[in-house]
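Each remark here refers to the structure printed beneath this line.
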Amino acid sequence: MKLLLKGGRVVDPANGRDGMFDVLIDGGLVAAIEPNLPADDADVREVPRGTVVVPGLIDMHVHLREPGQEHKETIATGTAAAVAGGFTAVACMPNTAPVNDQASVTQFILARAQEAGLARVYPIGAVSKGSMGEQLAEIAEMRTAGCVAITDDGKPVVTALLMRRALEYAGMLGMPVIEHCEDPSLKGDGVAHEGPNASRLGLRGIPGVAEELMVDRDVTLAGMTGGRVHIAHMSWRGSLRAVRAGKDRGVDVTCEVAPHHFVLTDEALAGYDTNVKMNPPLRETADRDAMIEGLADGSVDAIATDHAPHHFDEKHVEFDHAPFGIIGLETAVALTWDRLVHTGRISFKRAIELLSVNPARILRVPGGSLAPGAPADITVLAPDLLVTVDPARLRSKSRNTPFAGWTLRGGVAATIVGGRVLYVNPDVAGASTLAG
Ligand code: DOR
Ligand code: ZN
């Protein structure tokens, strides 16, 4: 079936497009993208006024929790949250139960994602068996089964030797190693960023240097091995310095920042809300500002949510005892537009690079482009929509967000995956016509 998206502004940085174009979709692919395409036998869908057609957003850091922790999230609920948040694809972290450290788990995840039929799912395999940091996992086998990267996310790869081997091995297979950077001895049993705020509140600290040390180490190892390292959820200004230094000397290093790290600081800890407890922790104003600077100047490659659903009962405990992590899929667009684009910190085009073009490039997956022949994975953004975050309306199975009640400017009108309109936002005037 042919679909013609008619009359919208298209921003497609990979192909240097920003203007009014029609998009013809045929057989799940972009067939043509030109001004004023004839309808012919296509089903015509008017793009609502004020919305913008962009390549489908890709969240390269999501915890879908299945198998094993389905009370927090399932692949079906997580991918429903993804499409509601404007994401046509997500890469999912291996810290499930069992850990995704072998092909059978990867295959299970892909089969569940297929059944759900929503966002595309790219599994990320573990670096080490059980993410225990001892022996390498079945990396080649997982690659063949469909994994696009490896990580022990949730924990760092503690020994330099194992990280070296992972970079060498993943490098041979064309995959990046995604690292959760933290020196465990410095992190200790910390629960919040080490600094005056944590001290005043009586919370044990996690120094920023715990992150920076491992970024430095991994950048050095990537340089040594010629492998590719991607720094997950960067939060500390010293880590950005280490990434920039690596890029300057030609090391294959990329990094991501999560919305909570460019929006919030550790001042949010004052109420002991466990929905501001995440790892790495919220840091200082200087760090938040450094992350924004990196997003703007190109030293940060991607915005990724670290969507980490936890059940209400698990979060509804003392700060010390709560698990780390917050959900992010359904608030990322609103936070990015409200705090970065509308404030003039980054351009609209840069936001699409950070949320689509670069994640596709880093993971070497399709997407990030609306060139003819590309999969018709398309997000229709409503950049001026006022969105009030209402946990009761979220598609995610978990509600652990610190942004409840926030009103932000920037939303999603519709999400199209492989030419199928999978989400339409009833709050956007005229969007229902996109559903057909
Ligand atoms: O806050 C976090 N939550 N950080 C991590 O590294 C892991 C994640 C989780 O799995 O809940
Ligand atoms: Zn994570």
Side-chain angles (χ1 to χ4, degrees), residues 59-75 78 81-82 90-100 109 122-127 130-131 133 149-158 176-184 187 189-193 203 206 210-211 214-215 230-236 239 255-261 263-264 266 268-269 273-283 302-315 317 319-329 331-332 359 363 396-402:
D59 189 346
M60 63 181 294
H61 192 141
V62 169
H63 296 270
L64 291 177
R65 304 298 193 206
E66 192 178 351
Q69 298 170 314
E70 292 85 356
H71 63 293
K72 297 175 195 266
E73 194 78 285
T74 65
I75 290 169
V90 298
C92 64
M93 291 293 157
N95 64 338
T96 47
V99 168
N100 182 14
I109 293 167
Y122 296 113
I124 298 176
V127 166
S131 284
I150 54 172
T151 186
D152 277 346
D153 183 58
K155 318 186 222 186
V157 177
V158 176
V177 181
I178 299 175
E179 178 78 299
H180 170 121
C181 287
E182 123 193 322
D183 180 289
K187 184 207 171 200
D189 57 1
V191 295
H193 172 62
L203 297 172
I206 305 173
E211 179 179 294
M214 199 167 276
V215 177
H230 176 81
I231 310 301
H233 43 50
M234 192 172 65
S235 65
W236 164 249
S239 306
C255 66
E256 72 193 25
V257 171
H260 46 271
H261 287 128
V263 172
L264 299 171
D266 64 350
L269 295 167
D273 177 3
T274 58
N275 289 329
V276 293
K277 180 177 178 183
M278 68 286 283
N279 189 20
L282 298 176
R283 302 218 187 253
I303 293 172
T305 67
D306 194 10
H307 178 84
H310 292 292
H311 192 273
F312 177 80
D313 292 347
E314 296 164 314
K315 279 287 201 182
V317 295
F319 196 88
D320 261 7
H321 295 130
F324 291 99
I326 63 167
I327 55 171
L329 284 166
T331 47
L363 298 176
S396 174
K397 206 169 197 180
S398 291
R399 303 282 140 97
N400 51 313
T401 173

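Side chains are part of it too, since the values below use all heavy atoms of this structure and drop only hydrogens, waters and symmetry mates. Counting convention: from 1, in listed order, for ligands and their atoms alike. Starting from 1, each residue takes its place in the sequence as its number.
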Would you mind telling me which of H61, H180, H260, H261 makes a side chain to side chain donor-acceptor pair (under 3.5 Å) with D306? H61

So is H310 in contact with ligand 1, going by heavy-atom distances below 4.0 Å? yes

Will you find, in the side chains of H63 and D153, an N or O donor that is under 3.5 Å from an N or O acceptor? yes

For atom 4 (N) of ligand 1, grab the closest protein heavy atom and report residue, atom and distance to one decimal in Å. N279 O, 2.7 Å

Within ligand 1, which atoms have a heavy atom of F324 less than 4.0 Å away? 1 (O), 2 (C), 3 (N), 11 (O)

Heavy atom to atom 11 (O) of ligand 1, shortest distance: which of E314, R65, K72, E182 holds it? R65

List every atom of ligand 1 that sits less than 4.0 Å from any heavy atom of A308, numbering the atoms from 1 in the order shown and giving each element. 3 (N), 8 (C), 9 (C), 11 (O)

Can you tell me the N, O or S atom of D153 that's nearest the Zn ion (ligand 2)? OD2

Between I178 and L363 the two heavy atoms that sit nearest each other are CD1-CD2, 4.4 Å

Report the atom name of the nearest N/O/S atom of D306 relative to the Zn ion (ligand 2). OD1

If we number the atoms of ligand 1 from 1 as shown, the ones under 4.0 Å from a heavy atom of H63 are 8 (C), 10 (O)

Just to check, does G154 reach to within less than 4.0 Å of ligand 1 when the distance is taken from its heavy atoms? yes

Where on H180 is there a heavy atom closer than 4.0 Å to ligand 1, on the side chain, on the backbone, on both, or on neither? side chain

Where H230 and C255 come nearest, the two heavy atoms and their spacing: CE1-C, 3.5 Å

Roughly, to 10 degrees, what angle do H63 atom NE2 and H61 atom NE2 form around the Zn ion (ligand 2)? 110°

Can we say K72 and E314 salt-bridge, meaning some charged N sits less than 4.0 Å from an Asp/Glu carboxylate O? yes

Are a donor atom and an acceptor atom from the side chains of D59 and H307 found within less than 3.5 Å of each other? no

Examine distances only and state if a side-chain atom of K315 and a backbone atom of H310 form a donor-acceptor pair shorter than 3.5 Å. no

Heavy-atom closest pair (M93 atom, T151 atom, distance to 0.1 Å) is SD-CG2, 3.5 Å

Considering distance alone, does some N or O of M278 sit under 3.5 Å from an N or O of ligand 1? no

Donor-acceptor side-chain pairing of S396 and E73 below 3.5 angstrom: yes

Quick one: which ligand 1 atoms are inside 4.0 Å of a heavy atom on D306? 2 (C), 4 (N)

